[in-house]
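In this text the structure is predicted, and so the values were computed from the model without any measurement.
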Amino acid sequence: MHSVSKIEEAAAQTPQLYGSHSTGFRRATYVDHRVGSVHMGVGVCFLNPKGAISPHVHSFEESFYVLEGNPIVQIGEKSYALGPGNFGLISTGVLHAWRNASNGRVRWLEMQAPQPRAADYGKDTFFVGGVVASQGAPPDLGDPADKLLGYFDEAQLPRPGGPSQMEGFNPTTGVAIKMFVDRSFGAIHQSLFLIQYLPGAKIDLHDHTFEESYLIVSERVRAKADGKTYDLGPGAVIWTSVGCLHSFDNVGTEPVRWIETQAPLPPAKEVFRFEREWAHLAEKEKTASQG
C-alpha cells in the first residue's frame with residue numbers, strides 16, 4: 001500500500017484540537033490513518049506572523065525539522081530561537097509550545113509516532129495552560145541539556161558512498177544520508193533524516209517492516225511503489241506501508257533531496273529486503289518445478 005500527494009498550503013487546516021489553543025496555526029497532513037497508515041502522523045505545519053500554539057503535551061513522540069522562518073520553541077523549562085535546518089525530538093509527555101514572533105512565515109515538518117488518535121476516538125494531546133514564551137536563545141548543541149536538538153548544514157552531508165549513518169544500510173553509490181533523529185539521538189518510536197541522490201543514483205526494489213514517508217525538497221526523482229511509477233518534484237510526498245515494494249532513481253542532472261521519516265523505529269539489522277537478493281531462488285524454484 002502507498003499514497004502520493006502534494007503539499008498545498010491553501011489546503012492546510014487548523015487541527016480540531018488546536019482550534020481554541022492556537023492562533024495562525026495550520027497543518028497540511030500527508031500521512032495519517034486516512035491514507036492507510038497505522039504507525040505515523042506526518043505533516044507540514046504553518047505558523048503565521050505573531051501566531052502561537054499554547055503549551056501542551058502528547059502521549060506520543062514528536063520530531064520536527066524547520067523548513068522556513070524563525071520560530072521560538074518552548075521545550076520543557078527552556079525556550080529556543082530556531083531557524084531553517086534546526087531539528088529536534090520532543091519526547092513523550094514533554095511540555096512544549098510554539099510562537100512566531102517575527103513578521104515572516106514559519107514552516108516545519110512534523111513527525112509523530114505512535115500515530116495520533118483520530119479526534120473522535122480518544123485524546124492524546126492535552127493543553128495544560130501557561131504562557132507561550134516570547135523569546136528564546138539559540139540551542140547550545142554542546143550542552144547535554146540541549147541534546148535533543150540539532151542543526152544541519154551542508155558541511156554535515158556525508159560523502160556519497162562513504163560510511164553510512166543509518167543502521168543496517170550499506171553505502172550505495174551516489175547516495176548520502178544525514179540522520180537527524182534516530183535511536184542514537186534518543187528516539188524510541190521513529191527516525192527522521194535527509195537523503196540525497198546524485199544524478200544516476202538509484203536504490204533497487206525493496207520493502208521494510210516499517211512505514212516510511214518522503215517529502216521532496218529539491219529537484220526530481222522517479223519513484224516506484226506497488227508497480228506504479230511517479231515523477232516527484234519539490235512539495236510532492238509519498239508514503240509507503242509495511243511490505244510495499246518501492247524504489248527510487250535520480251534520472252535527472254542535479255542532486256535530488258528529500259526528508260524521510262520512519263516508524264516504528266527500524267531494527268538494527270535486516271532493515272532492507274531487496275528483491276534482487278532473492279531472485280536467484282525464484283529462478284531455481286522455477287527450474288526445479290520444470291524438471
Side-chain angles (χ1 to χ4, degrees), residues 7 9 12 18 22-28 30 42-56 61-91 94-112 131-158 165 176-182 185-187 190-196 213-219 234-235 237 255-261:
I7 297 297
E9 182 177 358
Y18 290 72
S22 67
T23 55
F25 172 59
R26 294 168 296 137
R27 189 174 193 264
Y30 58 91
V42 195
V44 172
C45 297
F46 302 86
L47 192 57
N48 292 341
K50 313 306 179 183
I53 304 173
S54 297
H56 59 287
E61 189 177 71
E62 183 172 272
S63 65
F64 64 87
Y65 181 86
V66 179
L67 297 165
E68 179 185 3
N70 299 101
I72 296 168
V73 184
Q74 178 184 341
I75 303 175
E77 299 299 320
K78 299 185 71 174
S79 297
Y80 302 95
L82 304 183
N86 277 121
F87 57 88
L89 175 66
I90 302 171
S91 300
V94 171
L95 179 76
H96 58 289
W98 293 74
R99 180 183 294 279
N100 180 2
S102 74
N103 293 318
R105 183 177 69 168
V106 167
R107 185 168 56 100
W108 69 93
L109 181 148
E110 182 176 81
M111 163 66 175
Q112 300 165 330
V131 177
V132 184
S134 59
Q135 58 185 358
D140 180 356
L141 302 184
D143 185 344
D146 295 349
K147 65 180 181 179
L148 297 185
L149 293 170
Y151 176 73
F152 169 73
D153 63 31
E154 294 298 317
Q156 297 174 345
L157 188 68
Q165 292 192 358
I177 296 174
K178 172 57 183 175
M179 299 303 299
F180 297 150
V181 173
D182 60 4
F185 194 77
Q190 59 174 284
S191 61
L192 169 73
F193 55 96
L194 180 142
I195 189 166
Q196 175 180 274
S213 79
Y214 317 78
L215 168 64
I216 312 302
V217 294
S218 66
E219 297 303 325
V237 292
V256 60
R257 290 185 180 181
W258 62 81
I259 299 175
E260 186 167 336
T261 72

Hey, what do you get for [atom1] ([X]) to [atom2] ([Y]), rounding to the nearest 0.5 Å?
{"X": "Ile195", "Y": "Lys178", "atom1": "CD1", "atom2": "NZ", "answer": "14.0 Å"}
{"X": "Asn100", "Y": "Arg105", "atom1": "CG", "atom2": "CZ", "answer": "11.0 Å"}
{"X": "Leu109", "Y": "Tyr30", "atom1": "CG", "atom2": "OH", "answer": "4.0 Å"}
{"X": "Asn48", "Y": "Ser22", "atom1": "CG", "atom2": "OG", "answer": "10.0 Å"}
{"X": "Ile53", "Y": "Phe25", "atom1": "CD1", "atom2": "CZ", "answer": "4.0 Å"}
{"X": "Glu62", "Y": "Ser91", "atom1": "CD", "atom2": "OG", "answer": "11.0 Å"}

Exercise answer: donor-acceptor pairs, residues 82-89 side-chain atoms, under 3.5 Å, sequence neighbours excluded:
{"unit_1": "Asn86", "atom_1": "OD1", "unit_2": "Gly83", "atom_2": "N", "d": "2.9"}
{"unit_1": "Asn86", "atom_1": "ND2", "unit_2": "Gly150", "atom_2": "O", "d": "3.1"}

Expected list for residues 72-81: side-chain donor-acceptor pairs under 3.5 angstrom, two or more places apart:
{"unit_1": "Lys78", "atom_1": "NZ", "unit_2": "Asp146", "atom_2": "OD1", "d": "2.9"}
{"unit_1": "Tyr80", "atom_1": "OH", "unit_2": "Asp146", "atom_2": "OD1", "d": "2.7"}

Considering all heavy atoms of both residues, which atom of [X] and which atom of [Y] are nearest to each other, and what is their separation?
{"X": "Ser63", "Y": "Val181", "result": "CB-CG2, 4.1 Å"}
{"X": "Ser218", "Y": "Val256", "result": "O-CG2, 3.2 Å"}
{"X": "Glu110", "Y": "Arg27", "result": "OE1-NE, 2.7 Å"}
{"X": "Leu157", "Y": "Arg257", "result": "CD2-NH2, 3.5 Å"}
{"X": "Leu149", "Y": "Leu141", "result": "O-CD2, 3.5 Å"}
{"X": "Ile216", "Y": "Glu219", "result": "CG2-O, 3.6 Å"}

**Message:** Given Phe180, which partner from the list Phe185, Phe64, Phe152, Phe193 fulfils the ring pair (Phe, Tyr, Trp, His ring centres under 6.0 Å) test?
**Reply:**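 The ring pair (Phe, Tyr, Trp, His ring centres under 6.0 Å) with Phe180 is passed solely by Phe152 among Phe185, Phe64, Phe152, Phe193.
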Just by modelled atom types, is the [Y] backbone N or O under 3.5 Å from a matching donor or acceptor in the [X] side chain?
{"X": "Arg26", "Y": "Phe46", "answer": "no"}
{"X": "Thr23", "Y": "Ala52", "answer": "yes"}
{"X": "Gln135", "Y": "Ala101", "answer": "no"}
{"X": "His56", "Y": "His96", "answer": "yes"}

**Request:** Would you sort out whether Leu148 and Val94 count as a side-chain contact (heavy atoms from CB on, under 4.5 Å), showing the intermediate values?
**Result:** CA-CA 12 Å; Leu148 297 185; Val94 171; over 6 Å; no
**Request:** Assess whether atom NZ of Lys147 is packed by more than 12 heavy atoms of other residues, nucleotides or ligands within 6.0 Å.
**Result:**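 Check fails, neighbour count at 12 or below.
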**Prompt:** Should the ring pair Trp108 and Trp98 be called parallel, tilted or perpendicular, given that the plane angle runs from 0 to 90° and is split at 30 and 60?
**Reply:**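 Answer is parallel, since the angle falls under 30°.
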